[in-house]
Amino acid sequence: MANVVRTKVIRMTGARSEPQRRSDCGDSDGWQCGQRAVPMRAAESEYGGESGGKRLKKSRESGKMNGIMSITELPKNYDAASAEPRIYQRWLDSGFFNPDTCIEKGVTPADAKPFTIMMPPPNVTGVLHMGHAMMLTLEDIMVRFARMRGRRTLWLPGTDHAAIATQSVVEKSIHKKEGVSRHDLGREELLRRVEAFAKESHATITSQIKVMGASCDWSREAFTLDEQRSLAVRTMFKKMYDDGLIYRGNRIINWDPKGQTTISDDEIAYEERAATLYTFRYAKDFPIPIATTRPETKVGDTGVAVHPNDERYAKYIGKEYDVNFCGVSLHIKIVADKEVNPAFGTGAVGVTPAHSMIDWEMAQRHDLPVKQVINEYARMTVETEQLKDKKVLEARDTVVAWLKEENLLEKEEDTVQNVATADRTGGIIEPMPKLQWFISVNAKFKIQNSNRETTLKDIMREPVADGRISIIPDYFGKTYFHWIDTLRDWCISRQIWYGHRIPVWYRKKVKSQKSKVKSLGTESDSTEVYCDVNPPEGDEWEQDSDTLDTWFSSGLWTFSTLGWPSSAKASEGKPSDLEIYHPTDILETGYEILFFWVARMVLMTGYALNDIPFRTVYLHGTVRDAQGRKMSKSLGNGIDPLDVAQKFGADAGRMALVVGNTPGTDSRISEDKIRAYKYFANKLWNITRFVLMSVDSEDVVRFATAKPEVRTDADRDILTKLDAAIADITGNLDRHIIHEAANQAYQFAWRELADVYLEASKGQLADESLKSNTGHILVWCLMNTLKLVHPFAPFVTEELWGKLFGESDTSLLMVQCWPT
RNA sequence: GGGCGGUUAGCUCAAUUGGUAGAGCAUCGCAUUUACACUGCGAGGGUUAUAGGUUCGAGUCCUAUACCGCCCACCA
């Protein structure tokens, strides 16, 4: 054995003494990586006198046992299911997912340019689906490509506590199993249950991420509700509170009666439903008829609005009327507002300030009183016997019956109504005024360390508008701007228990007592308010019972994961993670959370760090089934990524998700497509099998080290095609054209190397004068092909790399140089 | 109502700055025990939705139309 190694090393000296081709794998920015192809590292270290020589021997020796195999040992077919978990464990053991380890072990230069992706944290609500698989695949491709090019590559994984989503999953399950509600359990017990669920869900999710082959740095894993992220959230809240950007106000909000919480505008899903449009008068002597689809809310009307230029009603503007409507006394003022469309209905709107966003705004303009008539349980609160405590739909029937009885109903028309529902619970939203916390998006403030005055809206808009952040595909920029333009203040408080509790405390003001704690304001004459990262001293303070919208903590993701605020600065001369890895390079996520998340990250980062969170936003589409339907539990048409990995291999699933799928476009996935890429992995396996069969195993390392000669047309052709493939794939990955790069890697390996050159090589190998060089070309092309395919199908390529070059930490394909 | 995207082979989708329209799957024919049957070779199949325009040249740029899809917006 020792002999074998020595012989080979002697041969390799020859290769090394030739003009040394440093396996430079500089990327487009001219960065060099410290890696070399394994064989070269081995040869070099033999001379370098370090432990590398031993490492090589060890690698070769262990290789004989479980790594490098003779052809008789290599089965005819690749068995992904058994190989993949073993390979992932090798990657984990190597420590190379952590960029610091890469530097320590010398596979990445210490001065390498960083490359960072923050994994969009999956919700801890259950299991991963194909959309997650898509996200993990695209990011892993970007990350592996960057790592092989010598970048200091960090892909930071994590999970999201997903406040409402998670709590409602657990609440439903408890209700089903035990028939009790959260109020029966109490805050503490419910939180205990939710946390147990989240923990279990987290374990499932991380194991699934590993199955997909994600090369993320588990040592830096984060959770949106862990101690560090909680500190970040409280720090941010306090900062925004002090700047007047977070305020508490009694304003109209979206109330979800089913979830018993407020939700933001973005968490509403509109559903078209058949409805009836009723045209009626409040009373016989009321001059203007109005139309509505919600007669029950009319008991909360305080005005009627008409268009200022509407001649029909001009004479009534400014007049006030007292009527008795379905047993309720109303005081109605006629106002003129240009928001009213004179062509719709009767051209007059009954203004219900407490239960309609638009009406609320109209009431503000005309100083109309707000009269709440519906409560948190979607029941009527008016004192009239026939309506009190009735559910809104029952109340609607009651009011309509009353209108008919009184002969006030003038018309009934079928119409389609856009009903606002909560996208998590399906509950019908009841707008109502409530005391809640908001982030002001239009308030002016001075950005830190500068005198520049700005607004949060501008902070969101500017980096995209001036190109510091680019969005792929670019047309989503238009959608982004449109959303910002119509943005209202963001309601951030939720009446649920699972989440970041609002860092605000209240206490009754005691006039005689001198406060030990400096109160930051007073909510009213009788209550003091305290906001800070930590609770105030004293027992008399009571914390706000609400929690924060989950997107508040998600918005901090790119920098809360890097140690902000506790270890944001350099210490002991060492730069902090935040300084090294932020801003991140790419944010890769589904287009459906452009507003929820992407915009919020731009907001939070711009505000807290005066910086951008990422340079590029890559948006992928929705993964659909073979018929183009969305995958859903109720349809039962979902494909489980774990099943795919088990049946076809994770590599096959990855390739199927990526090839031919352009950013921003929905894609379809089917077993047929995945199977095609399982065959591809097998093709790579058999190319390697053929090469190992055709080439003396002692020559493999040498052939991989130096570029071969051209002896025949076939030789020239394949080497030209290889160069073209390298250039094309590299260029496309640089420009994030992943679907094309993946296809090119596939085409080169199968259509050029396997179908053409391997066939041609059979004749050449039989010719003694060509045999050696042909073997050389085969090994050379295979080695480069494995590198080119690795980002897309990391498992099979890593497995084959081990078969060719032995299995040791430093000979892992994942840290080899990208070919040039 | 406003905005955005799409329409290319039987199906699913590509086509980087305008330069011979490609791939996978499916279909048909041939090969036959081979590195791989999880195989190879070959074939058929497209007036790039429609109508105009710009250009030496258009799937690609411009205008209009039709259809499909998505997002936003509580015309009450």
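Naming convention: chains lettered A, B, ... in sequence-line order (proteins, then strands); numbering from 1 in each chain. Both backbone and side-chain heavy atoms feed into the values below; hydrogens, waters and symmetry mates do not.
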(message) Strictly under 4.0 angstrom, non-hydrogen atoms only: write out the protein contact profile of nucleotides 8-22 of chain B, one letter per nucleotide from the 5' end, B, S or -.
(response) ----SSSSB------

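For the P atoms, the distance linking B:A49 with B:U7 amounts to 7 Å, nearest Å. For the P atom pair drawn from B:U65 and B:C70, the interatomic distance equals 22 Å after rounding to whole Å. B:A76 sits 23 Å from B:G3 when the C1' atoms are compared, rounded to a whole Å. Spacing between B:U12 and B:G45 at atom C1', rounded to whole Å, works out to 16 Å. A distance of about 38 Å separates the P atoms of B:C75 and B:U60, rounded to the whole Å. If you take atom C1' in B:U54 and the same atom in B:A66, they sit 23 Å apart, rounded to whole Å. A distance of about 10 Å separates the C1' atoms of B:G24 and B:A14, rounded to the whole Å. Going from the P atom of B:G52 to that of B:A15 covers 28 Å, rounded to whole Å.
For B:G45, there is no paired base (Watson-Crick or G-U wobble, both distances below 3.5 Å). Using N1 to N3 plus N6-O4 or O6-N4 for Watson-Crick, or N1-O2 and O6-N3 for G-U wobble, each under 3.5 Å, B:A35 pairs with nothing. Under the Watson-Crick and G-U wobble criteria, each requiring two contacts below 3.5 Å, nucleotide B:A64 is paired to B:U50. Taking a pair to require two hydrogen-bonding distances under 3.5 Å in either a Watson-Crick or a G-U wobble arrangement, B:A21 remains unpaired. With a 3.5 Å ceiling on both atom-pair distances, the Watson-Crick or G-U wobble partner of B:G69 is B:C4. Base pairing of B:G40 is made with B:C30, judged by Watson-Crick or G-U wobble geometry with both donor-acceptor distances under 3.5 Å. Using N1 to N3 plus N6-O4 or O6-N4 for Watson-Crick, or N1-O2 and O6-N3 for G-U wobble, each under 3.5 Å, B:A9 pairs with nothing. Figure legend. B:G57 is base-paired to no nucleotide; pairs are counted as Watson-Crick or G-U wobble with both atom distances under 3.5 Å.
Aromatic ring pairs are classed by plane angle as parallel below 30°, tilted from 30° to 60° and perpendicular above 60°; the pair A:Trp818 and A:Phe145 is perpendicular. The aromatic rings of A:Phe286 and A:Tyr282 lie perpendicular to each other, with more than 60° between the two planes, well past the 30° mark.
Summarising the geometry, the separation between NE2 on A:His482 and P on B:C70 is reported as 18 Å, rounded to the nearest angstrom. We find that CG of A:Asn686 is positioned 6 Å from P of B:C36, with the value rounded to whole Å. Between A:Asp672 atom CG and B:U27 atom P the separation is 10 Å, expressed in whole Å. Between the C1' atom of B:C72 and the CZ atom of A:Phe476 lies a distance of 13 Å, rounded to the nearest Å. One interatomic measurement links the two molecules: CD of A:Glu671 to C1' of B:C38, which rounds to 15 Å at whole-angstrom precision. For the pair A:Leu594 CG and B:G5 C1', the interatomic distance rounds to 14 Å; values are reported in whole Å. Between A:Ile471 atom CD1 and B:G5 atom C1' there is a gap of 15 Å when expressed in whole angstrom units. Atom P of nucleotide B:C25 and atom CZ of A:Phe648 are separated by 14 Å, given to the nearest angstrom.
Looking at heavy-atom distances under 4.0 Å, A:Ile290 makes no contact with the nucleic acid at all. Nucleic acid contact for A:Ala305: none, since no nucleic acid atom lies under 4.0 Å from a heavy atom of the residue.
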Taking N or O atoms only and anything under 3.5 Å, show me the protein contacts with nucleotides 39-42 of chain B, one pair per line.
residue	atom	partner	partner atom	Å
B:U39	O3'	A:Lys683	NZ	3.0
B:G40	OP1	A:Lys683	NZ	3.3
B:G40	OP1	A:Trp750	NE1	2.3
B:G40	OP1	A:Asp755	OD1	3.3

Would you tabulate the nitrogen or oxygen pairs shorter than 3.5 Å linking the protein to nucleotides 73-76 of chain B?
residue	atom	partner	partner atom	Å
B:A73	N6	A:Asn418	ND2	2.9
B:C74	OP2	A:Tyr270	OH	2.9
B:C74	N4	A:Met357	N	2.4
B:C75	O2	A:Asn341	ND2	2.6
B:A76	O2'	A:Ala291	O	3.1
B:A76	N6	A:Asn341	O	2.6
B:A76	N6	A:Phe344	O	3.1
B:A76	N1	A:Asn341	N	3.3

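Residues A:Gln627 and A:Asn637 have side chains that never bring a donor and an acceptor to within less than 3.5 angstrom of each other. If you check the side chains of A:Thr293 and A:Gln417, you find a donor sitting under 3.5 Å from an acceptor.
Nearest-nucleotide assignment on RNA chain B puts the 5′-proximal partner with A:Tyr475, out of A:Tyr475 and A:Phe595.
To the nearest 0.5 Å, atoms CD (A:Glu339) and CG (A:Asp359) are separated by 11.0 Å. To the nearest 0.5 angstrom, A:Ile429 atom CD1 is 9.0 Å from A:Tyr270 atom OH. In this structure, OG1 on A:Thr730 lies 10.5 Å from CZ on A:Arg735, to the nearest 0.5 angstrom.
Under a 4.0 Å N-O distance rule, the pair A:Lys803/A:Glu799 qualifies as a salt bridge.
At B:C36, one or more side-chain N or O atoms of A:Lys76 fall inside 4.0 Å of OP1 or OP2 (strictly under the cut-off).
When each of A:Trp551, A:Trp483, A:Trp490, A:Trp597 is checked for a side chain to side chain donor-acceptor pair (under 3.5 Å) with A:Asp266, only A:Trp483 meets the rule.
Counting heavy-atom neighbours within 6.0 Å of A:Glu410 CD, excluding the residue itself, gives a total above 12.
Taking the ring centroids of A:Tyr746 and A:Phe680, they lie under the 6.0 Å cut-off.
Using a 4.5 Å heavy-atom threshold, the side chains of A:Asn77 and A:Trp685 count as separate. In this structure, the side chains of A:Glu296 and A:Asp397 stay at 4.5 Å or more apart for every pair of heavy atoms.
In this structure, A:Arg675 forms no cation-pi arrangement with A:Phe648, as its terminal cationic atom is not both closer than 6.0 Å to the ring centre and no more than 45° off the ring axis.
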